[in-house]
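See structure below.
Order of the sequence lines sets the chain letters (A, B, ...), proteins ahead of strands, with each chain counted from 1.
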Protein chains: 2
Amino acid sequence: MGCRALQLLLLAFLALGAALAVRPALRALGSLHLPTNPTSRPAVAKNYSVLYFQQKVDHFGFNTEKTFKQRYLIADKHWRKDGGTILFYTGNEGDIIWFCNNTGFMWDVAEELKAMLVFAEHRYYGESLPFGNNSFKDFRHLNFLTSEQALADFAELIKHLKRTIPGAENQPVIALGGSYGGMLAAWFRMKYPHMVVGALAASAPIWQFEDLVPCGVFMKIVTTDFSKSGPNCSESIRKSWGAITRLSNTGTGLRWLTEELHLCSPLTSPDIQQLKDWISETWVNLAMVDYPYASNFLQPLPAWPVKVVCQYLKNPDVSDTVLVQNIFQALNVYYNHSGQVKCLNISETATSNLGSLGWSYQACTEIVMPFCTNGIDDMFEPHLWNLREYSDDCLKQWGVTPRPSWITTMYGGKNISSHSNIVFSNGELDPWSGGGVTKDITDTLVAVTIAEGAHHLDLRANNAFDPESVLVARSLEVKHMKQWIGDFYKMARKHH
Amino acid sequence: MGCRALQLLLLAFLALGAALAVRPALRALGSLHLPTNPTSRPAVAKNYSVLYFQQKVDHFGFNTEKTFKQRYLIADKHWRKDGGTILFYTGNEGDIIWFCNNTGFMWDVAEELKAMLVFAEHRYYGESLPFGNNSFKDFRHLNFLTSEQALADFAELIKHLKRTIPGAENQPVIALGGSYGGMLAAWFRMKYPHMVVGALAASAPIWQFEDLVPCGVFMKIVTTDFSKSGPNCSESIRKSWGAITRLSNTGTGLRWLTEELHLCSPLTSPDIQQLKDWISETWVNLAMVDYPYASNFLQPLPAWPVKVVCQYLKNPDVSDTVLVQNIFQALNVYYNHSGQVKCLNISETATSNLGSLGWSYQACTEIVMPFCTNGIDDMFEPHLWNLREYSDDCLKQWGVTPRPSWITTMYGGKNISSHSNIVFSNGELDPWSGGGVTKDITDTLVAVTIAEGAHHLDLRANNAFDPESVLVARSLEVKHMKQWIGDFYKMARKHH
């Protein structure tokens with residue numbers, strides 16, 4: 001069960017899609033699932049219109065003519081009808097305003113590309129709820145939450161924009177997205193190449209399925225990040241699990257752990273796995289947001305947070321109690337950088353959060369990503385990937401059975417060389433790069449790697465502390481986009 | 001209403017997919033919808049195994065885990081594990097055995113290509129009924145009858161074959177199909193290029209949607225066929241409608257028509273439109289099966305049947321009664337070549353036939369093909385394309401509303417140049433060529449036209465009377481297939 005919990009945590013994490021790894025973000029996103037209580041965060045000096053488009057609930061069947069309102073955002077300050085382009089963010093599993101505000105790259109390049117920015121919300125997230133408050137009620141209401149339906153939404157929305165915005169009709173559209181949104185951007189170009197001239201798929205683990213990559217690669221990269229960020233850092237963490245286990249064997253030990261870790265509720269023996277999963281998730285989160293500058297979303301994090309964490313984890317050869325005390329210091333970097341937090345709550349996991357409901361369903365149907373650890377190549381306790389157990393849990397939770405090979409059937413797995421015009425970008429620090437495309441497949445299916453990059457750093461706004469590698473990546477991405485746009489207009493001129 | 005009836009007839013005709021245009025074939029197909037009474041015609045000296053594969057009823061949703069048995073045929077006499085290939089017929093709207101027996105081309109090239117032949121039945125046709133006898137009960141049961149589900153069936157089936165047939169895994173697959181099956185072959189390559197290295201789409205009217213081609217092009221080609229096949233032939237037919245109208249104005253006239261046309265039931269005034277539609281359909285059918293040799297399916301037709309028909313229609317400047325008598329002689333070529341038929345039954349239209357039920361639903365949902373006539377560019381009475389009326393009829397008949405632009409959204413309309421390795425073949429005599437791809441789009445999206453070809457003549461077996469144009473077409477098709485196969489093996493060697 002521990003393994004299953006770990007996997008869900010990871011998946012829920014991807015659910016956040018962008019760099020924000022902090023639990024409160026999940027809570028906030030969760031509340032956005034209720035349209036009666038919209039709490040979208042205000043735009044950070046970004047100027048866009050909020051619009052809605054009537055979508056069919058079911059693009060692939062004709063039983064129902066039911067529709068729902070898909071939310072999308074448009075920013076056209078820099079858009080030019082003459083020679084312009086449309087940058088279309090293929091929204092992922094969360095509030096689209098949040099993605100809009102965290103995809104500074106699109107805003108940064110808008111002027112240069114004379115681009116209209118469009119951010120399309122993914123169905124079942126944010127305000128785009130096919131059945132309103134009942135959307136997550138049961139598997140019948142959730143039946144239309146699939147990547148195929150989401151792609152069809154994007155296609156219909158683009159048709160709508162081209163039909164209704166004068167000047168848009170004869171312009172090229174480029175799909176962009178990060179994480180799951182990046183997967184959608186790539187898949188959209190693969191399945192609807194008539195809709196978009198190309199796609200930028202940032203940190204998109206399109207191969208984190210079946211046995212396309214080893215199930216351990218994700219946690220191995222997390223471990224490498226920690227190994228590289230300080231001497232003995234990963235070794236200290238690897239040793240900490242045993243220390244926690246030994247300490248939790250007695251009532252005294254449990255009380256001591258509760259106190260030293262500043263937990264909000266007293267630990268009991270059955271909570272130990274949850275405690276370990278929660279700590280594991282924290283290391284994963286830190287690896288993903290290991291950005292070169294202080295990032296301040298819902299709570300502040302220092303620059304290169306993994307390095308900061310590792311300062312507390314230099315010595316693995318200490319007593320269990322000292323080791324756990326060091327772990328607490330490290331956790332505090334993540335949970336209490338401000339020093340204002342009174343206690344830590346291990347039950348506030350992503351999976352228990354409303355915001356991750358949709359993703360939990362997707363992980364139980366199409367998006368089945370195998371994860372495992374062995375404790376040797378990584379710093380975690382060994383957990384096998386157990387599809388049977390995973391499947392049983394899904395049946396219990398949602399009444400559905402995962403189809404682990406469907407995504408490969410649908411989107412081609414590693415056999416995608418006949419497609420074109422997709423840039424796959426990956427940060428080498430990002431654990432998700434293990435399931436991503438990190439080598440060129442063809443001249444037009446291109447991999448861009450960012451040595452100092454965590455989870456889609458390239459999609460974030462320009463920053464004075466950006467390392468050279470992300471600047472190079474962004475300029476490559478712009479070069480490719482200009483190429484696609486140029487090819488589009490060249491072809492258009494030929495036909496006129 | 002006449003217009004709607006005409007359209008349905010045309011569509012039902014396409015439903016047959018291959019060259020067989022005779023009503024009894026439809027009846028026979030119809031009976032095959034009942035698995036309790038399978039009456040598949042015996043193989044004509046073709047040796048294949050009949051197999052079944054468990055398919056999910058819904059590939060695009062997780063509400064139901066229900067499955068059904070998809071039928072498929074395999075012929076592997078000429079298949080070689082070393083350097084062989086798999087030719088995969090993407091079955092259309094009918095009994096797969098019938099398509100298997102009428103796609104002689106695949107059998108003819110099997111040895112040269114060391115090919116395994118696979119014929120996959122389309123869901124909701126033949127024996128492949130998702131809900132058995134209830135499959136056509138209502139729109140709830142019909143909900144899974146879409147091209148997308150059919151393509152997903154093909155993808156799953158190919159995966160199954162590669163998994164279970166030793167030697168198949170590392171071989172290239174080529175999709176082939178005619179008419180709607182040809183559309184599916186092309187769409188399959190577009191959507192699942194990781195599954196098939198190329199597609200031969202014979203007589204596939206992938207552009208007979210929305211306003212991609214003029215709605216009148218189909219009947220214009222029918223008319224041209226008749227114009228070219230005899231002096232004054234189309235003119236005689238154009239004049240015949242007025243003659244029928246005038247004669248049907250009186251009771252005496254109706255009785256005379258009944259007698260002279262040898263109808264099985266007495267004509268009444270309200271039947272006149274049905275009579276005209278039935279005659280129109282006959283001309284359409286004849287244009288489609290205007291083959292260079294006598295074809296004998298369920299009833300015999302002479303070589304170049306339109307020429308034979310036109311021998312009776314040389315003189316348009318005769319009295320109404322003589323003109324109608326000539327029309328009867330012409331109809332008799334089609335309905336009574338043997339001379340054994342006692343009377344003609346105008347109520348035996350394709351639309352009243354069980355066999356076309358599935359297609360009628362598809363025409364009312366996704367496959368919305370606009371047709372029209374104006375009586376000037378064609379030899380028919382003028383009928384506008386009326387989507388509203390069409391839609392209303394669909395709602396009445398099936399409780400569904402057509403989505404006329406969906407196919408273009410899904411499959412790209414004319415904007416398909418980013419795809420590759422599809423040969424579109426069209427016979428210039430074939431009315432469906434009007435909605436087909438008859439010019440090269442790119443180096444690898446190639447049009448093959450057959451000057452003397454009717455509806456996918458190229459897919460039919462070699463015949464001593466085959467005109468040069470179809471021989472050239474077939475050899476081009478083989479050349480392209482060999483190219484795809486060669487490229488596949490070249491790439492495979494590179495990776496090993």
Side-chain angles (χ1 to χ4, degrees), chain A residues 56 58-65 138-149 151-152 155-156 158-159 163 189-198 361-362 364-366 394-395 398-403 405-406 408-421 444 491 495, chain B residues 56 58-65 138-149 151-152 154-156 158-159 163 189-198 361-362 364-366 394-395 398-403 405-406 408-421 444 491:
Chain A
K56 294 207 185 317
D58 188 6
H59 294 289
F60 299 101
F62 291 76
N63 266 5
T64 172
E65 286 299 309
D138 52 39
F139 66 81
R140 261 172 295 273
H141 290 84
L142 278 157
N143 193 46
F144 310 99
L145 172 49
T146 64
S147 61
E148 291 86 351
Q149 299 276 8
L151 296 182
E156 293 285 9
I158 288 174
K159 273 190 122 173
R163 223 170 20 229
R189 169 64 188 170
M190 293 180 195
K191 293 293 185 181
Y192 296 82
H194 50 289
M195 291 284 173
V196 286
V197 297
Y361 174 84
Q362 289 192 263
C364 273
T365 48
E366 285 188 320
C394 286
L395 195 60
W398 292 112
V400 296
T401 303
R403 299 180 190 163
S405 62
W406 171 246
T408 311
T409 304
M410 189 65 188
Y411 300 113
K414 293 216 163 173
N415 186 1
I416 56 175
S417 60
S418 69
H419 300 289
S420 62
N421 292 6
T444 65
M491 190 76 84
H495 286 289
Chain B
K56 294 206 184 319
D58 188 6
H59 295 288
F60 299 101
F62 293 75
N63 266 5
T64 172
E65 286 299 309
D138 53 39
F139 65 81
R140 261 172 294 273
H141 290 83
L142 279 157
N143 193 47
F144 310 98
L145 172 49
T146 65
S147 61
E148 291 86 351
Q149 299 275 9
L151 296 182
F154 298 150
E156 293 285 10
I158 288 173
K159 274 191 121 172
R163 221 169 21 229
R189 169 66 190 169
M190 294 180 194
K191 294 292 184 181
Y192 296 82
H194 49 291
M195 291 283 173
V196 286
V197 296
Y361 173 84
Q362 289 193 262
C364 273
T365 47
E366 286 187 320
C394 286
L395 196 59
W398 292 112
V400 296
T401 303
R403 298 178 190 164
S405 62
W406 170 246
T408 311
T409 305
M410 190 65 190
Y411 300 112
K414 293 215 163 174
N415 188 1
I416 56 176
S417 61
S418 69
H419 300 288
S420 62
N421 292 7
T444 65
M491 191 75 83

Handout entry: Among B:Ile158, B:Leu145, B:Asn143, B:Asn415, residue most engaged with chain A (heavy-atom pairs, under 4.5 Å)
Key = B:Asn143
Completion exercise
Comparing B:Val197, B:Thr401, B:Asn421 against chain A, the one with the most heavy-atom pairs below 4.5 Å turns out to be B:Thr401
Problem - Heavy-atom pair with the smallest gap, counting every atom of A:Arg403 and B:Thr64 - result: NH2-O, 3.6 Å
Exercise for the section: Could you tell me which portion of A:Lys159 (side chain, backbone, both or neither) has an atom closer than 4.5 angstrom to a non-hydrogen atom of chain B? Expected result: side chain
Completion exercise
Whatever's closer than 4.5 Å to a heavy atom in chain A on B:Met491 counts as neither
Handout entry: Flag side-chain contact, heavy atom, 4.5 Å: A:Glu366 against B:Phe60
Key = no
Exercise for the section: Give, as side chain, backbone, both or neither, the part of A:Trp406 having an atom under 4.5 angstrom from any heavy atom of chain B. Expected result: side chain
Problem - Heavy-atom closest pair, residues A:Thr409 and B:Ala155 - result: CG2-CB, 3.8 Å
Fill in the blank from the handout: Tightest non-hydrogen contact, residues B:Phe139 and A:Asn63, listed as O-OD1, 2.6 Å
Problem - Portion of A:His419 that has a non-hydrogen atom of chain B nearer than 4.5 angstrom - result: side chain
Exercise for the section: Name the member of A:Asp58, A:Thr365, A:Thr408, A:Val400 that forms the most heavy-atom pairs with chain B at distances under 4.5 Å. Expected result: A:Thr365
Handout entry: B:His194 side chain reached by A:Tyr411 side chain, heavy atoms, under 4.5 Å
Key = no
Handout entry: Proximal component of A:Lys414, with respect to chain B [non-hydrogen, under 4.5 Å]
Key = neither
Practice task
Just give me the residue among B:Met195, B:Glu148, B:Lys191 that pairs up with chain A most often, heavy atom to heavy atom, under 4.5 Å.
Solution key: B:Lys191
